[in-house]
Participant: 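Pasting a structure here, questions to come.
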Amino acid sequence: MPETTLGQLGFGIAAASFAAFAALALTRRANRLATRLFIGVLAAQALWALAMADGPGNRPLAALAAPALESLRALAWTVFLLALGWRDAERSPWHGTLLVVAAGLAAIPIVTHWSGWPDTAIHGARFLAAALTLLVLGQLYRRSEPTQRWAIKYLAIAVACVLGFDLLMYGDALLGEQRIDPVWRASQGFANALAVPLLAVAASRNPAWQLDIALSRRMVFHSATLLVVAACMLAIAIGAWYLRSIGGSWGEVAQTVLLFAATLGLLVTVMSESVRASIRVFVSKHFFDYRYDYREEWLRLTRLLSESTHASSRSLAERGIEGIGSLVESRGGALWIRDGRRYELAGQVGRGGMDPGPLPVGMPLLDWLATRKWIVDINEWRSTPGRYPGLSIEGPLDDSRGWLIVPMIIHDELAGLVVLDRPRVRIELDWEVRDVLKVAAAQVASFLGVQRATERLAQSEQFASFNRMSTFIVHDLKNLVAQLSLMSANARRHRHDPAFVDDMLGTVDTVAGRMQAILAGLRTPLREASSPEIIAIGDLLDSSVRAHSAYQPAPELAAGPGTGSALVHADRARLERVIGHLVQNAIEACAGIDGARVTISYRHDETSVRITVVDTGRGMSDEFVRERLFRPFVSTKSQGMGIGLFECREYVREIGGSLAVESSPGRGTRFTVVLPLVEVPVPVPAPYPGVING
């Protein structure tokens, strides 16, 4: 791209940027002199850039207006900076002198242009005007109180960017061939456009201007990204021009390759999540008092958690992990929520592999978090454990992927915890970050608590409906029993009457049909009174296999390692029902599949016994297992009640065990029941009569 065209593009961007900023400033209050002068500076910059964008040559606008507007632009900056430093009468004479000098330097290029003087006078006057304005800026910054420098810091950088470029450009012209280098002029518009975001930050920080401009972090982020891209493109263009000018016959090839490679690298860089995260952190850290835009973050988290379950493929817990992690640029993590006596894994994001499972309430870490309510930096704990006195991290939480452990505190109690993975960029964990994470975690815990309460209320309503249905069933059974009792009483007197016998058989058929219908509706018997006893797992599984031997495929009992004597303490009828239900489900999942198998096995160690029921049937999807499998009154069977697996899991938990499932569509399902072992003391033989011990 020629330097002239590139320069026009840069000045066009600068004109649009300054004009938009000036229009925004005009919509705000402008009661003070400094405010009006600042708007004047923006307008002068916009008009000058527009005149320069019109292009060189004999065009009227560029030939007549550009020199005058460039002088007006430099004078406007000087007047504005002098107005900011006008504090007392002692300095007012010097301010007047500087103002007169600045006006004279601004007039020299205009007079020189009309009088036909050499360009050296124009360049010298503009060089001195830029130097004078930078001198005023330096005095203003030096005389400011340390507490005020925070407000004008970015103003000083912006002015140094705009007029410092002029100083270098005109200084190069004075030392060189007495003309402005085309590369310098082509870059001037881009350099001025880069100052607009800095001026916007300075205006929002300085209450004396009374512009009432509130900068959106998103706007600053996108503006900064756009300016970085523009600066990179400018550097690429200059480099391509340089290669073409010195490359000889290979110049055009080198220019094309450079443009293609640089553009490709720029696209890859801008599309990188890590790069965007670095820019967000830089903008929040260096351009704002606080790291976060709390209104925007709160609305974003609320919208994320309020997504409809049907419209989102992610569970509420997974959305909660994403919402908390985005505050610190974390890509994933795991969330545990309290459920009775332990903390259940509610969801994971960005983590493959095995399910870490629940956390027992007795873990020392949970007691430590409930007491201290601190956010734990796992890396810091590993390097300097003294900063977390008494803390011990073990089990699934001692994971190399983990970075932060964030407690979820509601009503001064530990409702759950979130483990966040390492962030995309380095994040400084100051007080603001920790407070935001705690508030966000409490918000997520509140949503999870409401969801759980809603589900339990719905389940209670379903159980109430189930109880009402049971009342009707009992009423029907009572009528059937009455019919059978009446028929039994009459049979003794009319058993030799053929008509009575025919009628009795018809009644039996009717009663049998109605009872079959009732049994079809009640797939799972009502819970019986518990009577715990010591049960041998081997005998229980062997009995279940024999009971289902007539089905196809017939279940097989496979011996596993360490299958000797395994005893558990449970109600035999209810535990038989659990195993029988799992076996029946496995058989039904294999129906109509040639070569399908159902295998039952068990093994035990010193503390627990693990029972597995494996089938090679149809299998289930991860979403069905996660969202619907153990939910009561949800069934895939046309006549199922959907409370069988729910009751199985609840009873296994009741006796201190756990029920887990692994399944894949088309490959089968594995149910695993883990139960605590019970030790039966070996009786000590009594001594022989007449023998005294010791």
Side-chain angles (χ1 to χ4, degrees), residues 14 17-18 21-22 25-26 28 30-49 68-109 125-171 188 191-211 213:
S17 302
F18 279 102
F21 193 11
L26 285 172
R28 309 294 178 173
N31 299 326
R32 294 194 177 185
L33 176 62
T35 304
R36 297 172 182 174
L37 291 176
F38 181 67
I39 296 176
V41 169
L42 298 178
Q45 283 280 155
L47 292 174
W48 164 77
L69 289 174
E70 186 165 4
S71 297
L72 177 64
R73 159 181 167 267
L75 180 61
W77 277 117
T78 306
V79 173
F80 171 64
L81 294 175
L82 288 173
L84 287 181
W86 196 292
R87 295 183 183 176
D88 51 58
E90 181 181 353
R91 299 175 193 158
S92 57
W94 292 103
H95 281 73
T97 303
L98 291 175
L99 186 58
V100 171
V101 173
L105 292 175
I108 290 176
R126 298 206 188 281
F127 178 86
L128 292 176
L132 177 64
T133 307
L134 292 176
L135 176 64
V136 173
L137 174 67
Q139 291 294 320
L140 175 66
Y141 190 81
R142 186 177 64 85
R143 292 176 181 273
S144 299
E145 299 293 335
T147 56
Q148 296 175 331
R149 291 177 181 176
W150 172 85
I152 64 172
K153 175 174 61 176
Y154 289 102
L155 172 66
I157 297 175
V159 176
C161 174
V162 171
L163 297 178
F165 190 94
D166 289 5
L167 193 71
L168 295 175
M169 182 176 66
Y170 289 112
Q188 189 179 18
N192 279 258
L194 289 172
V196 174
L198 300 175
L199 292 174
V201 174
S204 65
R205 283 188 171 189
N206 201 323
W209 300 353
Q210 289 190 345
L211 290 176
I213 295 177

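Along the sequence shown, residues carry numbers from 1.
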Participant: Determine the minimum heavy-atom distance between V196 and S17, stating which atoms define it.
Facilitator: CG2-CB, 3.6 Å

Participant: Going by heavy atoms in the side chains, are L72 and W48 under 4.5 Å from each other?
Facilitator: no

Participant: If you look at every heavy atom in L105 and L132, which pair is closest and at what distance?
Facilitator: CD1-CD2, 4.2 Å

Participant: Nearest 0.5 Å please: distance from the CZ atom of F165 over to the OH atom of Y170.
Facilitator: 10.0 Å

Participant: Give the minimum heavy-atom separation between A76 and A44, together with the two atoms involved.
Facilitator: CB-CB, 4.3 Å

Participant: Looking only at heavy atoms, what is the nearest atom pair of V159 and L134, with distance?
Facilitator: O-CD2, 4.2 Å

Participant: How close do A156 and L137 get, counting heavy atoms only, and between which atoms?
Facilitator: O-CD2, 3.6 Å

Participant: Within a strict 4.5 Å, meaning less than it, do heavy atoms of the L167 and L163 side chains meet?
Facilitator: no

Participant: Between I157 and Y154, is a side chain to side chain contact (heavy atoms under 4.5 Å, CB included) present by the stated rule, with each step listed?
Facilitator: CA-CA 5 Å; I157 297 175; Y154 289 102; 4.1 Å; yes

Participant: Quick one: are Q45 and L199 in side-chain contact, heavy atoms under 4.5 Å?
Facilitator: no

Participant: Starting from the C-alpha separation in whole Å, work towards a yes-or-no answer on side chain to side chain contact (heavy atoms under 4.5 Å, CB included) for D166 and Q188.
Facilitator: CA-CA 8 Å; D166 289 5; Q188 189 179 18; 2.9 Å; yes

Participant: Hey, are the side chains of R73 and L47 touching, using non-hydrogen atoms and a 4.5 Å cut-off?
Facilitator: no

Participant: Taking all non-hydrogen atoms of both residues into account, name the closest pair between L75 and A103 and its distance.
Facilitator: CD1-N, 3.8 Å

Participant: Contact between F80 and L155 at the side-chain level, heavy atoms closer than 4.5 Å - yes or no?
Facilitator: yes

Participant: As an exercise, state the distance from OG1 of T133 to CG of L82, rounded to the nearest 0.5 Å.
Facilitator: 8.5 Å

Participant: How many angstroms lie between CG in L135 and CG in L81, if you round to the nearest 0.5 Å?
Facilitator: 11.0 Å

